[in-house]
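Everything on this sheet refers to the single structure shown next.
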Amino acid sequence: MNERLRFFVSGFFIGIAELLPGISGSTVAVAFGIYNKIIKILSNIRIKNFSGNLSEVSSRFHLDLLLLLISSMALTVIFFSKLVLYFYTNYNDLFENFLATIMIIISLIVVKDFSFKKRSIFLFIILGAVIGFLINQLPNIQTGNNFLILVLIGAIAFSFFLVPGISGSAILLSLGSYRLIIEAVAEINFSILAPFALGCLITLYFLPKIIFNLVDKYNEELMSFFSGLIFIAGLNLFYL
């Protein structure tokens with residue numbers, strides 16, 4: 001598949017994934033083979049890298065690919081949020097079982113080519129599963145319209161958007177904020193979305209560089225860890 005077409009199509013599925021309380025958008029990016037490139041691009045987000053030279057900025061951030069991805073994601077989130085909210089509200093059990101099945105399959109795809117002769121692979125899968133289980137035990141947080149809490153929720157949720165495994169929506173569900181945010185997206189409620197987006201931007205500025213360095217040095221171990229996260233998140237959905 002042409003790289004530009006791959007980014008555009010990936011954006012559609014990533015947008016759908018981030019609306020669903022289970023599948024991570026980064027998990028979809030891993031499945032489409034674009035995750036490492038996205039993290040590399042985002043790791044360049046620093047004030048000093050934004051110059052007046054448009055061609056230099058475009059080259060550094062691969063804007064031909066990034067804008068296709070973002071536009072596809074944005075359109076998907078805007079047009080499908082009400083549909084997702086409808087299914088989540090009216091067919092909750094069936095919907096979550098479907099998501100859980102997809103997540104378990106993806107977790108197996110992520111590690112299918114790894115060398116299981118390395119003991120560290122098993123250790124990281126187990127570590128990811130344990131952390132995934134603990135994350136799903138987080139207590140609900142009453143967000144309401146509290147600006148600072150919404151910023152914090154945005155920062156936490158976007159952290160999981162960047163990391164394959166448990167989606168930002170799943171974290172919102174665990175924190176009791178999923179319905180609030182999905183309704184805000186469906187209704188374009190900026191009083192909720194603005195502080196939430198601010199939290200996302202804070203994470204976007206600080207986290208990608210850390211993730212990129214880890215992926216660059218410990219790719220197989222990190223993906224094994226993500227696989228454990230994905231697998232246990234799928235199992236947890238079956239028993240929610």
Side-chain angles (χ1 to χ4, degrees), residues 6-35 37-39 41-42 65-89 92 95-96 98-100 102-103 105-107 110 132 135-136 143 150-189 192-204 207-208 211 226 229-230 233-234 236-237 240:
R6 178 181 297 177
F7 268 72
F8 183 78
V9 173
S10 299
F12 171 81
F13 287 102
I14 291 171
I16 290 288
E18 285 306 313
L19 288 172
L20 304 178
I23 305 172
S24 166
S26 288
T27 299
V28 175
V30 169
F32 273 89
I34 66 170
Y35 176 74
K37 189 156 193 173
I38 291 174
I39 289 298
I41 292 171
L42 296 180
L65 300 175
L66 197 59
L67 291 178
L68 282 173
L69 181 76
I70 293 172
S71 61
S72 180
M73 284 175 58
L75 289 172
T76 302
V77 168
I78 291 170
F79 287 110
F80 281 87
S81 56
K82 289 185 179 180
L83 182 63
V84 169
L85 183 60
Y86 172 80
F87 280 111
Y88 174 69
T89 302
N92 185 264
F95 197 45
E96 289 186 348
F98 170 71
L99 297 177
I102 292 177
M103 293 186 71
I105 292 172
I106 289 176
S107 72
V110 170
I135 287 171
N136 277 274
T143 57
L150 285 169
V151 171
L152 178 62
I153 293 296
I156 294 171
F158 199 77
S159 297
F160 285 88
F161 169 77
L162 293 173
V163 178
I166 301 174
S167 73
S169 292
I171 293 302
L172 291 176
L173 188 64
S174 298
L175 297 174
S177 306
Y178 177 75
R179 190 181 187 95
L180 176 71
I181 300 303
I182 202 73
E183 285 180 348
V185 172
E187 298 168 4
I188 314 185
N189 183 346
I192 300 294
L193 294 179
F196 181 80
L198 177 60
C200 294
L201 290 173
I202 291 171
T203 297
L204 178 62
L207 196 59
I211 295 175
F226 293 156
L229 278 175
I230 298 167
N236 277 327
L237 273 181
L240 279 177

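Just so it is clear, the structure is predicted and the values come from calculations on it, not from any experiment.
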Atom of [X], atom of [Y] and distance for their closest heavy-atom approach:
{"X": "Ala184", "Y": "Leu193", "value": "O-CD1, 3.5 Å"}
{"X": "Ser81", "Y": "Ile182", "value": "O-CG1, 4.2 Å"}
{"X": "Leu69", "Y": "Phe7", "value": "CD1-O, 3.3 Å"}
{"X": "Ala29", "Y": "Ile38", "value": "CB-CD1, 4.2 Å"}
{"X": "Gly11", "Y": "Ser72", "value": "C-OG, 3.4 Å"}
{"X": "Cys200", "Y": "Gly154", "value": "SG-O, 3.6 Å"}

Supply the atom-to-atom distance [X] [atom1] to [Y] [atom2], rounded to the nearest 0.5 angstrom.
{"X": "Ile34", "Y": "Ile39", "atom1": "CD1", "atom2": "CD1", "result": "10.5 Å"}
{"X": "Leu162", "Y": "Thr203", "atom1": "CG", "atom2": "OG1", "result": "7.5 Å"}
{"X": "Ile202", "Y": "Phe158", "atom1": "CD1", "atom2": "CZ", "result": "12.0 Å"}
{"X": "Phe79", "Y": "Leu19", "atom1": "CZ", "atom2": "CG", "result": "13.0 Å"}
{"X": "Phe196", "Y": "Leu201", "atom1": "CZ", "atom2": "CG", "result": "11.0 Å"}

Checklist line | Full working for ring pair (Phe, Tyr, Trp, His ring centres under 6.0 Å) between Phe87 and Phe80 | finding: CA-CA 11 Å; Phe87 280 111; Phe80 281 87; over 10 Å; no
State, with a plain yes or no, whether a side-chain heavy atom of [X] is found less than 4.5 Å away from one of [Y].
{"X": "Leu180", "Y": "Leu150", "answer": "yes"}
{"X": "Val9", "Y": "Phe32", "answer": "yes"}
{"X": "Glu187", "Y": "Ile192", "answer": "no"}

Check: Can you tell me if CZ on Phe8 sees more than 12 non-hydrogen neighbours from other groups inside 6.0 Å?
Finding: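 Result for CZ/Phe8: open.
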Notebook entry, point to check: Is there a donor-acceptor pair closer than 3.5 Å between any side-chain N or O of Thr76 and the backbone N or O of Ile16?
Noted result: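 Here the side-chain-to-backbone pair does not exist.
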